[in-house]
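The block underneath contains the structure these notes are about, expressed in structure tokens.
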Amino acid sequence: MADRRALDALTNDVLEGKLDRRTLLKRAAILGVTAPTLAGLIAACEDDDGDDSDDGVAADPGDDEELDDEELSDLDDEDVVPEDAEVDIEEVGEVPRERTLFLRWGGQEGRFVDHDLWNGYAIGANHQNGLGILYEPLAYYSAFADETYPWLAEDWEYNDDSTELTLNLRSGIEWSDGEPFTADDVAFTLNHLVEIGSEVRWGTDVQQYVESAEAVDDTTVHITFNVPAPRFMFFMTYKYDIGLYIIPQHIYEGEDWSTFTCFDLEEGLPVTTGPWEVVFSSPEQKIIDRRDSWWAIDQGLVDDLPGPERVVYLPFGDETGVAQQLITDQIDCSLDLRPMTIVRVMEDNPNVVTHTLGEPPYGYVDWWPTALFLNHEEPPFDELEVRWGISYYIDREQMIEVAYDGAGSVSPLPLPSYPGLEPYVEHVSDILEEYDTLEYNPEKGDEMFEAAGFQRNGSGFWERDGEVLEMTLNGFEVFADIGPIVAEMLRQNGIDAEYAQPPDWSDMIQQGNYRAGFQGHGGSVSNDPYDTLRLFQSVTVAVPGAHGVNFTQWQNEEYDQIVDEIAVTPIDDQDRLMELFHDAMEIWIPELPNIQIQEWYHRVPMNTTFWEGWPTVENEYVNGAFWHLTFQLVLNELRPAQ
């Protein structure tokens with residue numbers, strides 16, 4: 001019999017019009033829904049579409065080959081359009097729709113909780129929510145183009161043993177309040193991060209390597225490291241969600257970076273060197289307008305100002321409502337959508353495309369392979385038998401088939417299948433052959449739990465010392481398709497599991513206040529596994545921020561030592577890196593700190609009705625996620641379509 005909670009979730013999806021009959025039958029089959037119940041659900045699907053015909057509900061629920069693929073129910077109901085789609089703020093001037101870029105992203109329960117935080121180092125701040133385009137980097141890196149773009153820094157040079165780094169900055173750049181941008185700002189940023197360390201995001205990373213930074217003159221910074229640091233410039237470079245925010249010394253000096261908001265529009269805060277200024281920010285929306293000039297034009301980095309005159313960030317709410325706004329051209333881009341939703345959006349609005357245009361898998365492999373994270377501070381998840389037992393109960397191929405209609409893929413390690421990283425995965429095939437992190441084998445799972453001292457009780461659940469193993473699998477809305485499926489797989493194998501979407505899941509996992517949940521790995525993207533390996537080091541446990549953090553709280557001293565050696569090994573010494581990576585995986589894979597689920601696809605809807613120049617397979621200049629630190633590279637390419 002199907003779990004009541006899973007059945008309720010399935011019912012809600014039907015009633016909200018999120019499931020077509022084919023998808024309903026697939027999910028019903030895995031949940032073990034009885035024929036009478038299934039008949040009622042299918043009737044609900046048909047009633048929602050206004051179709052009273054008999055589709056043969058007595059048929060085998062698993063046989064769906066001849067069913068119509070109707071994807072979503074009617075999305076043309078204007079009642080689902082959120083009221084905040086129309087911007088009507090008296091404090092700012094009016095910009096025409098065709099010159100405004102509307103984005104749906106972030107927030108909690110439909111509201112921004114960081115609208116007054118424009119300091120990227122403050123606790124609770126997030127560069128993904130707008131401030132990333134205000135703090136320009138020393139350099140950008142596009143993994144898709146495999147190219148580095150010097151920005152505030154014109155060039156840089158290491159000494160022979162990578163214990164020193166000299167940055168040569170561009171001259172003639174000013175902050176938006178008229179103060180010059182100089183080497184003092186860069187040196188101040190680094191030295192203060194060394195001083196405060198783990199109090200703020202990226203402080204631990206800087207403190208671990210930097211001894212001191214000196215402004216030699218207005219455009220030269222000399223950095224001295226504690227140890228060889230051949231990756232430090234790449235760490236500071238903006239790519240995906242990793243990169244160092246360079247801040248103005250004249251604004252931040254004397255402030256507590258962990259609490260300073262840097263938000264006072266009347267006083268011109270936040271200041272920026274870039275082409276943007278914040279003109280309004282509230283829990284409902286953030287409005288960022290284009291400035292009249294930009295040093296990057298004067299110095300030949302770009303030909304013109306970005307196309308959009310205004311960028312409006314709106315919180316991401318209900319996916320159906322977001323789909324409706326894309327269909328009706330009220331927004332231009334949003335958080336990545338589920339496959340079923342993105343297909344219907346493209347059908348109803350041919351101007352909306354994804355990275356792969358209209359072809360499956362409707363997006364690109366992100367740097368964020370996802371896993372079921374288990375908190376090792378919460379027994380029994382500190383026991384490897386339990387972790388392996390859970391992993392053996394998850395049929396990932398079936399999960400992808402049911403949730404994504406097959407439009408997905410898996411990865412045995414927390415590394416994306418990028419060209420520079422695939423040789424590392426191949427290099428540990430001997431370990432993966434013995435310890436298959438993707439194997440679906442309930443019998444082995446049972447053996448693991450029995451070895452851990454669990455026994456099944458009268459209800460079929462695993463129990464030890466009188467306590468049933470219960471698991472709440474937390475996740476963001478983007479996990480709403482796979483979460484209930486994985487929870488049901490675990491329930492069918494004796495774990496009392498359920499899926500939940502707490503609004504503060506991001507805070508919970510960052511602070512270690514959780515037992516289990518879905519999250520991704522933001523780590524390596526080039527031909528170097530270090531950034532991903534660092535995600536499991538002891539030094540990154542409980543550091544502030546949503547990125548570069550050891551969420552599992554797994555710790556292993558020998559593993560730490562190996563990764564520390566990788567950190568000082570030059571990136572071009574691939575033979576030595578391969579050897580050290582194998583050593584690290586000889587520890588990590590058998591321990592299985594977290595449970596690999598799938599590769600993550602960014603199915604980002606990009607609306608060409610008003611804007612052209614989005615990154616697609618036809619022009620892969622960068623990844624298309626506007627919440628990443630490389631969004632400015634996209635803004636530089638966008639031009640009005642009408």
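Owing to the predicted nature of the structure, the values given are computational and were not obtained by experimental measurement. Hydrogens, waters and symmetry mates are skipped; everything else that's a heavy atom, side chains included, is used.
Smallest separation of non-hydrogen atoms from L337 and S334: CD2-OG, 3.8 Å.
For F454 and F449, the ring centers sit closer than 6.0 Å to each other. Close placement of the W588 and F536 rings is indicated, their centers lying within 6.0 Å of each other. Aromatic rings from F225 and Y209 are positioned such that their centres are separated by 6.0 Å or more.
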Distance-only check: which donor-acceptor pairs under 3.5 Å involve side-chain atoms of residues 238-246, not counting sequence neighbours?
from: Y238; atom 1: OH; to: Y135; atom 2: O; distance (Å): 2.7
from: K239; atom 1: NZ; to: F234; atom 2: O; distance (Å): 2.2
from: K239; atom 1: NZ; to: F235; atom 2: O; distance (Å): 3.3
from: K239; atom 1: NZ; to: T237; atom 2: O; distance (Å): 3.0
from: Y240; atom 1: OH; to: Y418; atom 2: OH; distance (Å): 3.0
from: D241; atom 1: OD1; to: H127; atom 2: NE2; distance (Å): 2.9
from: D241; atom 1: OD1; to: Q128; atom 2: NE2; distance (Å): 3.0
from: D241; atom 1: OD2; to: Q128; atom 2: NE2; distance (Å): 3.1
from: D241; atom 1: OD2; to: H547; atom 2: NE2; distance (Å): 3.3
from: D241; atom 1: OD2; to: H628; atom 2: NE2; distance (Å): 3.4
from: Y245; atom 1: OH; to: H127; atom 2: ND1; distance (Å): 2.7

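Sorted by first and then second residue, the side chain to side chain donor-acceptor pair (under 3.5 Å) pairs with a member in residues 223-232 read R231-D528; sequence neighbours excluded.
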| field | Derivation of the ring pair (Phe, Tyr, Trp, His ring centres under 6.0 Å) call for F373 and F518 | value | CA-CA 6 Å; F373 280 70; F518 297 100; 9.5 Å; no
| said: E599 vs S409, test: side-chain hydrogen bond (donor to acceptor under 3.5 Å, both in side chains). Steps then yes/no. | reply: CA-CA 6 Å; E599 292 200 284; S409 57; 2.8 Å; yes
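With N474 contributing its side chain and A516 its backbone, the two residues share a donor-acceptor pair below 3.5 Å.
Under 3.5 Å, the side chains of S391 and R396 contain a donor-acceptor pair of N or O atoms. In this structure, a donor-acceptor pair under 3.5 Å is present between the side chains of Q537 and D564. Using modelled atom types and a 3.5 Å distance limit, the side chains of D560 and S538 yield a donor-acceptor pair. Between the side chains of T616 and E620, no donor-acceptor pair is found at a separation under 3.5 Å. Side chains of Q207 and D205: no donor on one and acceptor on the other come within 3.5 Å. Checking N550 against T552 by side-chain atom types alone, a donor-acceptor pair falls below 3.5 Å. Side-chain contact check for W627 and N129: no donor-acceptor pair (N or O, by modelled atom type) lies under 3.5 Å. Side chains of S142 and D146: no donor on one and acceptor on the other come within 3.5 Å. Between the side chains of Q555 and H376, no donor N or O sits under 3.5 Å from an acceptor N or O. Side-chain N/O atoms of E591 and Y559 include no donor and acceptor closer than 3.5 Å.
For the side-chain contact (heavy atoms from CB on, under 4.5 Å) with F144, the qualifying choice from N623, N619, V622, T630 is N623, the only one to do so.
By the side-chain hydrogen bond (donor to acceptor under 3.5 Å, both in side chains) test, E579 is found to be paired with R576, residues two or more places apart in sequence or in another chain being considered.
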